[in-house]
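Before any comments, here is the structure.
Residue numbering restarts at 1 for every chain, and letters A, B, ... go by the order of the sequence lines.
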2 protein chains.
Amino acid sequence: MKATTIYDVAKEAGVSIATVSNAINGKGNVSKKKRDEIFKVMERLQYQPSVIASALMGKKTYTLGLLIPDVSNPFFSEIARSVEDLAHSAGYSVIVCSTDNKDERVDKYLRLLEQKSVDGILIGTGTENGETLTQLAQKSIPIVMIAREAAGVSAHSVLTDDFKGGGLAAEHLLALGHSRMAILAEKLEVSSSVERVRGFRFALFEAGTELGSDSIVSCDSSIKAGKKAAAALLAREERPSAIFCCNDLLAIGALQAAKEAGVKVPEQLSIIGFDDTILSTVTNPALTTIAQPMDQMVKLAFGLLVDGQENGAPDASIRQRIVMPPSLIVRESTGKLASG
Amino acid sequence: MKATTIYDVAKEAGVSIATVSNAINGKGNVSKKKRDEIFKVMERLQYQPSVIASALMGKKTYTLGLLIPDVSNPFFSEIARSVEDLAHSAGYSVIVCSTDNKDERVDKYLRLLEQKSVDGILIGTGTENGETLTQLAQKSIPIVMIAREAAGVSAHSVLTDDFKGGGLAAEHLLALGHSRMAILAEKLEVSSSVERVRGFRFALFEAGTELGSDSIVSCDSSIKAGKKAAAALLAREERPSAIFCCNDLLAIGALQAAKEAGVKVPEQLSIIGFDDTILSTVTNPALTTIAQPMDQMVKLAFGLLVDGQENGAPDASIRQRIVMPPSLIVRESTGKLASG
DNA sequence: CTGAAAGCGCTTACAG
DNA sequence: CTGAAAGCGCTTACAG
């Protein structure tokens with residue numbers, strides 16, 4: 001069964017397709033009578049305008065792209081959900097793209113999205129080579145970065161103050177009386193990770209403490225990798241009394257390593273994560289972590305992406321960089337060292 | 001900067017747009033010489049064909065829709081990732097739609113996807129009213145159901161043998177010597193949930209045991225709701241020694257309720273979940289659960305959806321219903337009752 | 001082997 | 001207030 005087109009309803013309603021189009025889009029004055037008649041016919045024929053056709057005429061596709069490292073990672077799936085909801089209520093749908101932080105995948109997806117003429121792209125994935133991005137920006141397809149720094153790309157970005165987040169974690173641990181600390185970071189190419197580490201170290205420095213140079217270990221961003229790295233940390237002669245993990249996945253790995261090593265959390269070891277994903281509420285002990293105000297960040301980013309194009313967008317050219325404050329969520333995985 | 005079109009490359013290459021089109025699509029014999037020239041120009045101009053335009057000419061949009069209750073639910077985000085990967089390597093992108101199992105959202109998304117002329121829709125969400133679906137099916141947009149039964153809709157479906165899954169859970173608990181059991185189910189409108197409960201009860205029946213009529217409680221599918229319902233169960237005079245939860249979220253709620261009530265798992269209470277999501281590996285104790293072979297299921301569903309249209313599809317009309325076997329994953333949350 | 005022309009389903013000036 | 005016509009960027013017969 002072929003879908004009904006604007007021609008079908010025009011014929012049925014006894015008007016031209018131009019009038020149908022005008023009626024639908026509320027343009028050019030169509031008399032109320034005709035308009036009603038047209039809408040009645042549309043309903044009867046179950047007519048749905050083809051966005052393909054109208055997109056070809058320069059209108060929007062009402063489709064957005066979302067680039068993230070991995071939808072199956074709770075942190076990003078939560079972002080995806082927020083984006084989707086916002087998009088949905090604004091009439092957009094979103095194409096989700098998991099990049100695994102691989103440049104080739106980023107590139108391929110970006111090209112795909114361009115070919116599909118999406119109305120904008122939200123990027124929450126690492127992109128060292130801003131080349132493709134810059135090209136896109138030139139082609140006037142709006143881009144905004146979320147929870148990631150735009151590496152030399154002239155795009156708006158909304159992110160968390162990762163430096164401060166690291167500081168928050170350090171202060172919490174310091175207040176609990178810890179002094180032998182370690183850091184578990186994901187690969188240090190990711191800018192947010194670097195900032196978290198820097199912030200953590202700086203807070204320690206301000207407090208007059210310092211981190212041994214071998215106290216920062218980095219690994220892949222997964223529970224498994226985190227577990228392995230944490231296990232090595234715990235096997236050291238001078239076992240740390242607290243570990244700052246740059247994301248919840250790593251923190252969970254650390255939790256598991258501690259369990260296997262028979263090290264009690266938080267009595268003998270404090271563990272603090274980052275991101276405040278659903279995972280952190282589910283572990284036992286529940287994870288103390290640093291939360292990013294994701295809902296707000298998504299809302300801001302979405303606004304920049306979509307309204308930026310809809311309004312006259314007088315300031316579209318001036319690149320915005322919105323930084324949001326993280327917050328400490330204390331749960332059960334951190335505490336004072338049990339008696340010394 | 002306007003994007004380059006087929007006209008630009010035709011002009012540059014000194015040929016007609018028809019020839020460019022043929023060269024790109026490998027149709028109508030284009031001499032090797034011209035073809036090479038054309039490709040060179042395309043590269044130089046960074047030409048990317050518009051899928052919008054070719055879709056309008058009846059070609060595919062290379063976009064698929066995925067309907068699930070909620071991307072931020074780990075079970076579904078894992079499905080989404082598998083679908084995305086398969087789609088990606090076949091040249092498709094996927095629009096993710098979280099329906100919250102609400103009919104209105106299902107309907108709205110379905111209509112949206114239709115307007116965007118997606119090449120197919122994968123449905124993993126409850127849909128009581130098959131009406132919209134049936135309409136779509138008539139409009140010849142391919143649909144396949146995944147992990148859900150197609151309610152009276154003539155669409156392929158690939159699902160887990162939920163009845164057997166429930167049975168597996170029961171047998172496991174039975175073998176551990178339990179007799180006072182209870183079930184935590186999500187709203188009983190969801191077909192898969194009903195089957196799991198039925199399977200569980202049947203296995204008990206075969207073993208000569210029975211479930212008190214008040215031993216089946218249902219609630220929303222969330223950790224919070226599960227926790228509350230489980231707490232009520234645990235507060236009963238005749239506290240159950242084992243709870244079968246129809247999904248991991250509920251099981252985690254039960255785990256938390258037990259912790260709060262001071263009931264030790266698995267020593268005093270066994271808890272078994274369903275789905276084998278990442279969450280079940282992260283709890284402490286780790287969750288015993290029933291796994292669905294999701295990767296295989298997604299692969300099969302995707303094949304039905306995409307190849308079904310690409311091949312001559314001689315059997316496209318005969319509706320397939322593929323049922324996959326679940327399996328028991330024993331972790332730490334189930335065990336024999338400690339001494340009686 | 002190659003190109004002129006029609007057409008996909010819309011929208012947008014422009015006449016009337 | 002309404003419609004004929006051109007055009008968006010492609011593809012597909014059909015001539016040559």
Side-chain angles (χ1 to χ4, degrees), chain A residues 1-39 41-42 45-63 114-119 139-141, chain B residues 1-39 41-42 45-63 111-112 114-119 139-141:
Chain A
M1 199 198 309
K2 285 267 306 168
T4 53
T5 73
I6 199 172
Y7 288 95
D8 302 316
V9 352
K11 188 184 297 177
E12 275 287 305
V15 297
S16 75
I17 60 165
T19 301
V20 176
S21 177
N22 281 333
I24 293 174
N25 299 302
K27 293 200 172 174
N29 312 341
V30 180
S31 67
K32 185 173 182 327
K33 198 178 147 202
K34 291 228 172 188
R35 194 169 354 119
D36 289 348
E37 170 66 11
I38 289 171
F39 278 116
V41 173
M42 293 203 305
L45 266 40
Q46 293 197 67
Y47 170 65
Q48 317 239 81
S50 153
V51 340
I52 295 288
S54 68
L56 189 54
M57 278 306 297
K59 299 205 100 180
K60 297 197 291 188
T61 53
Y62 283 97
T63 305
E114 187 193 351
Q115 289 194 40
K116 297 195 174 170
S117 311
V118 296
D119 297 327
K139 283 173 182 156
S140 74
I141 147 160
Chain B
M1 196 197 310
K2 286 269 304 170
T4 54
T5 71
I6 200 172
Y7 289 95
D8 301 317
V9 352
K11 189 186 296 177
E12 275 288 305
V15 297
S16 75
I17 59 164
T19 301
V20 175
S21 178
N22 282 333
I24 293 173
N25 299 301
K27 293 200 174 174
N29 311 341
V30 180
S31 67
K32 186 172 182 327
K33 198 178 148 203
K34 291 227 171 186
R35 194 167 356 117
D36 288 348
E37 171 66 11
I38 289 170
F39 279 116
V41 173
M42 293 202 306
L45 266 39
Q46 294 197 67
Y47 170 66
Q48 315 238 82
S50 153
V51 341
I52 296 288
S54 68
L56 190 53
M57 279 306 298
K59 299 203 101 180
K60 296 198 290 187
T61 53
Y62 283 98
T63 305
R111 243 177 273 286
L112 215 63
E114 187 193 351
Q115 289 194 40
K116 296 194 175 170
S117 312
V118 296
D119 297 327
K139 282 171 183 158
S140 73
I141 148 160

Take atom CE of B:Met57 and atom P of D:dC10, then tell me their distance rounded to the nearest Å. 12 Å
Closer than 3.5 angstrom, by distance alone: can the side chain of A:Thr61 be matched with the main-chain N or O of A:Ser117 as a donor-acceptor pair? yes
For the pair made of NZ in B:Lys60 and C1' in D:dT11, what is the distance, rounded to whole Å? 16 Å
With a 4.5 Å limit on heavy-atom distance, are the side chains of A:Glu37 and A:Val15 in contact? no
By nearest-heavy-atom nucleotide on DNA chain D, the more 5' of A:Gly14 and B:Ile52 is A:Gly14
Are A:Ile6 and A:Tyr47 packed together at the side-chain level, in the sense that at least one heavy-atom pair is separated by less than 4.5 angstrom? yes
Do A:Thr19 and A:Ser16 come close enough that some side-chain heavy atom pair is under 4.5 Å? yes
OP1 or OP2 of D:dA4 under 4.0 Å from side-chain N/O of A:Ser16: no
Counting only side-chain heavy atoms from C-beta out, which of D:dC10, C:dG9, C:dG3 sits nearest to B:Thr5? D:dC10
Whether B:Lys34 contacts C:dT2 is assessed here as follows: a side-chain N or O lying under 4.0 Å from the phosphate OP1 or OP2. Is that the case? yes
Ignoring backbone atoms, establish whether B:Ser54 has a side-chain N or O less than 4.0 Å from OP1 or OP2 of D:dC10. no
Does the side chain of B:Asn22 reach to within under 4.5 Å of the side chain of B:Lys34, using non-hydrogen atoms? no
Please state how far atom CD in B:Glu37 lies from atom P in C:dC1, giving the value in whole angstrom units. 18 Å
D:dT11, OP1 or OP2 - any side-chain N/O from B:Lys27 closer than 4.0 Å? no
Applying a 4.0 Å non-hydrogen cut-off, can you work out what B:Val51 is touching in the nucleic acid: base, sugar-phosphate, or nothing? nothing
Listed range with range, the stems formed with DNA chain C by at least 3 consecutive Watson-Crick or G-U pairs (under 3.5 Å) are C:1-3 with D:14-16, C:5-12 with D:5-12, C:14-16 with D:1-3
Phosphate OP1/OP2 of C:dC8 contacted by A:Ser50 side-chain N/O (<4.0 Å): no
Would you indicate which nucleotide in D:dG3, D:dT12, D:dG9 comes nearest to any side-chain atom of B:Asn22? D:dT12
When you compare the side chains of A:Lys116 and A:Thr63, does any donor N or O come within less than 3.5 Å of an acceptor on the partner? no
So if I take every side-chain heavy atom of B:Ser31 and compare against C:dG7, C:dT2, D:dG7, which nucleotide ends up nearest? C:dT2
Atom NZ of A:Lys11 and atom C1' of D:dG3 are separated, to the nearest Å, by 17 Å
Assign B:Ile17 to base, sugar-phosphate, or nothing according to its heavy-atom contacts below 4.0 angstrom with the strands shown. base
Counting side-chain heavy atoms from CB outward, which of D:dC10, D:dT12, C:dT12 is closest to B:Ala18? D:dT12
5' precedence on DNA chain C between B:Ala53 and B:Val15 (nearest-nucleotide basis): B:Val15
Spell out, as yes or no, whether a donor-acceptor pair under 3.5 Å connects the side chain of B:Asp36 to the backbone of B:Lys33. no
Would you mind reading off the distance between A:Asp8 atom CG and C:dC8 atom P, rounded to a whole angstrom? 11 Å
B:Tyr7 (side chain) and D:dC10 (base): donor-acceptor pair under 3.5 Å: yes
Step-by-step side-chain contact (heavy atoms from CB on, under 4.5 Å) determination, B:Val9 to B:Thr4: CA-CA 8 Å; B:Val9 352; B:Thr4 54; 5.6 Å; no
note: A:Leu56, atom CG; D:dC8, atom P; distance rounded to Å ~ 9 Å
Ignoring backbone atoms, establish whether A:Ser21 has a side-chain N or O less than 4.0 Å from OP1 or OP2 of C:dT11. yes
Return the value, rounded to whole Å, for the distance between atom CZ of A:Arg35 and atom C1' of D:dG3. 18 Å
Is the shortest side-chain N/O distance from B:Asn25 to OP1 or OP2 of D:dT11 below 4.0 Å? yes
Note, A:Tyr7 side chain near A:Lys11 side chain (heavy atom, < 4.5 Å): no
d(CD, A:Gln115; C1', D:dG9) in whole Å: 13 Å
